There are 2 protein chains.
Amino acid sequence: MKTLRVPEATVTRLSIYSRFLERLDRNGITTVSSGEIAEGVGVSPAQVRKDLAYFGEFGTRGVGYNVKDLLKYTLKILGLDQEWALAIVGAGNLGFALCTYRGFNVRGFHIVGVFDNDPTRIGKRIGDLVVQPLTLFPEIAQKENIRIGVIAVPTSAAQEVADMMVKNGVEAVLNFAPVAINVPDEIEMRNVDLSVKLEILTFNLGFRNAQSL
Amino acid sequence: MKTLRVPEATVTRLSIYSRFLERLDRNGITTVSSGEIAEGVGVSPAQVRKDLAYFGEFGTRGVGYNVKDLLKYTLKILGLDQEWALAIVGAGNLGFALCTYRGFNVRGFHIVGVFDNDPTRIGKRIGDLVVQPLTLFPEIAQKENIRIGVIAVPTSAAQEVADMMVKNGVEAVLNFAPVAINVPDEIEMRNVDLSVKLEILTFNLGFRNAQSL
DNA sequence: TAGATTGTTAATCGATTAACAATC
DNA sequence: TAGATTGTTAATCGATTAACAATC
């Protein structure tokens, strides 16, 4: 079996290209070149072509790419040509924001449950959803075939929640708690840290001053 | 002038090390080795030592690192030994969540203003804060010396908000809208895309199936 | 001293970029 | 055909890792 190694940065960019193509498509633009995509998202044209080349030949030499087709291809590559049932555990402010975040729903993610074990939150409506007690997770996970779990609980509860998700058949975990979590190798898992990028900014501001001394 | 190039990945990890050290410190642990840090955050020991080596010699050979000291150094490196006045523009669900996100306040970020131009949001309380009309941004930015701006508005308004921030002396911008934004070179700017990592997960799940065909 | 762990160099690995033949 | 842009290879660049001397 030939094992194609695709850099994670390539997948990240693909996701960004794809969103850019959606915008072009909405604006009625039918053809786009690697240079225009590059310009639009802030990378080099060679990078755009190289990223796409991992997956096939999608363009026409001398012409460029058909926007609608390329959009379809990128969505398919990213696995967004299907619906993904997703659950959010933690119905605090962050969980609430994630439930209503349009960015999720637009891209094929279907939130089928929000869970919490705080009695003051259980039963609360968030859009179409009602906050469920955490004890119902196993049942709903099975019924709705939840494949992706989102952790939006405090750091102290994050590992426990991850364990419960894995035990109930979740295949991928997105963790918003700023802590390293252990899951079995076969589970896909990524952290989103809302504060790290802020700290990159403060580092750069401070660093710049230091260098000009 | 010797221009030290520090990889952005190093800064990201430094931020993670620093949070791990906080946890060790809270648990009363006084000494830690590169191996233990590595284990705790999921990187290699060599990586930990290399990352730290960009900035100085913080350990004792044969012994390891003093937790309190190393924590202090990492915070200083990241610029978190000072308070940063920060404003959030956009008081929707995401803006709301960011205002109340403990991860910000704990690390030296001080939210001095939340702004929106939606009349139904203006005047609303969020914790200690009251949502201000966007028109007051210039005044408050000057009074509070806002150096960091956080964009939590819809895609369509993001560029406009960024422009306004820059015009009013903001030095760094953190953008949560899933769109590329143009700012002058001297402005630090990063995007946080809540959906990209989710799409890396779906890519990996799909890709894995494809490879096992 | 023996054992442990750092700081640093050199080797390896991987990703980006430049360049150009292919081709519309 | 001339002009444009892709797909791909080779060169470059940069980051990670392995290894070990320094030293507690």
Side-chain angles (χ1 to χ4, degrees), chain A residues 2-17 20-21 24 29-71 73-74 77 196 200 203-204 207, chain B residues 2-17 20-21 24 29-71 73-74 77 196 200 203-204 207:
Chain A
K2 100 171 181 239
T3 312
L4 174 62
R5 264 291 300 156
V6 181
E8 184 150 321
T10 287
V11 182
T12 302
R13 285 189 299 262
L14 233 38
S15 164
I16 295 168
Y17 301 158
F20 179 67
L21 292 166
L24 294 185
I29 293 162
T30 57
T31 304
V32 68
S33 68
S34 59
E36 289 163 333
I37 297 174
E39 167 95 41
V41 306
V43 302
S44 73
Q47 181 86 77
V48 173
R49 296 200 298 275
K50 179 79 186 183
D51 286 336
L52 294 172
Y54 283 103
F55 303 98
E57 307 190 1
F58 306 113
T60 308
R61 292 169 196 229
V63 177
Y65 304 88
N66 177 286
V67 171
K68 266 190 202 308
D69 288 349
L70 189 57
L71 174 57
Y73 290 130
T74 54
I77 291 165
V196 163
I200 291 175
F203 169 82
N204 284 338
F207 198 60
Chain B
K2 101 170 179 241
T3 313
L4 174 62
R5 264 292 300 155
V6 181
E8 185 150 317
T10 288
V11 182
T12 302
R13 285 189 298 263
L14 232 38
S15 165
I16 295 168
Y17 303 157
F20 179 68
L21 291 166
L24 294 184
I29 293 163
T30 56
T31 306
V32 69
S33 69
S34 59
E36 290 162 333
I37 298 174
E39 167 94 41
V41 307
V43 302
S44 73
Q47 180 84 268
V48 173
R49 295 200 297 277
K50 180 80 186 180
D51 286 336
L52 294 172
Y54 283 102
F55 304 98
E57 306 190 1
F58 306 114
T60 308
R61 293 168 195 229
V63 178
Y65 303 88
N66 178 286
V67 171
K68 268 191 201 307
D69 287 349
L70 189 57
L71 174 56
Y73 290 130
T74 53
I77 291 165
V196 163
I200 290 176
F203 170 83
N204 284 338
F207 198 60

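For clarity, every value in this text was computed on a predicted model and none was experimentally measured. In what follows, chains carry the letters A, B, and so on, assigned in the order in which the sequence lines appear, proteins first and then strands, with residues in each chain numbered from 1. Values below: every heavy atom of this structure, side chains too, minus hydrogens, waters and symmetry copies.
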Taking every non-hydrogen atom, the tightest pair across A:Thr10 and A:Tyr54:
OG1-CE1, 3.7 Å
B:Thr31: which residues meet the side-chain contact (heavy atoms from CB on, under 4.5 Å) condition with it, sequence neighbours left out?
B:Val63
Stepwise side-chain contact (heavy atoms from CB on, under 4.5 Å) check, A:Lys68 with A:Thr30
CA-CA 7 Å; A:Lys68 266 190 202 308; A:Thr30 57; over 6 Å; no
Can you list every side-chain hydrogen bond (donor to acceptor under 3.5 Å, both in side chains) pair that touches residues 39-49 of chain B, not counting sequence neighbours?
B:Arg13-B:Gln47, B:Ser34-B:Arg49
What is the separation between atom CD on A:Glu8 and atom C1' on D:dA15, rounded to the nearest whole Å?
16 Å
Contacts of A:Phe58 meeting ring pair (Phe, Tyr, Trp, His ring centres under 6.0 Å) (sequence neighbours excluded), chain-then-number -> A:Tyr73
For D:dT17, does OP1 or OP2 lie under 4.0 Å from any side-chain N or O of B:Gln47?
yes
Could you tell me which residues satisfy side-chain contact (heavy atoms from CB on, under 4.5 Å) with A:Ser33, sequence neighbours excluded, listed by chain and number?
A:Glu36
Listing for DNA chain C: consecutive Watson-Crick or G-U pair runs of at least 3, distance cutoff 3.5 Å, ranges ordered by first number, gives C:3-24 with D:3-24
Using a 4.0 Å cut-off on protein heavy atoms (strictly under), produce a 5'-to-3' string for nucleotides 3-14 of chain D with B for base contact, S for backbone-only sugar-phosphate contact, and - for none.
-BBBBSB-----
Across all chains, not counting sequence neighbours, the side chain to side chain donor-acceptor pair (under 3.5 Å) partners of A:Tyr65 are none
Return the CD1 to CG distance between B:Ile77 and B:Leu70, rounded to the nearest 0.5 Å.
8.0 Å
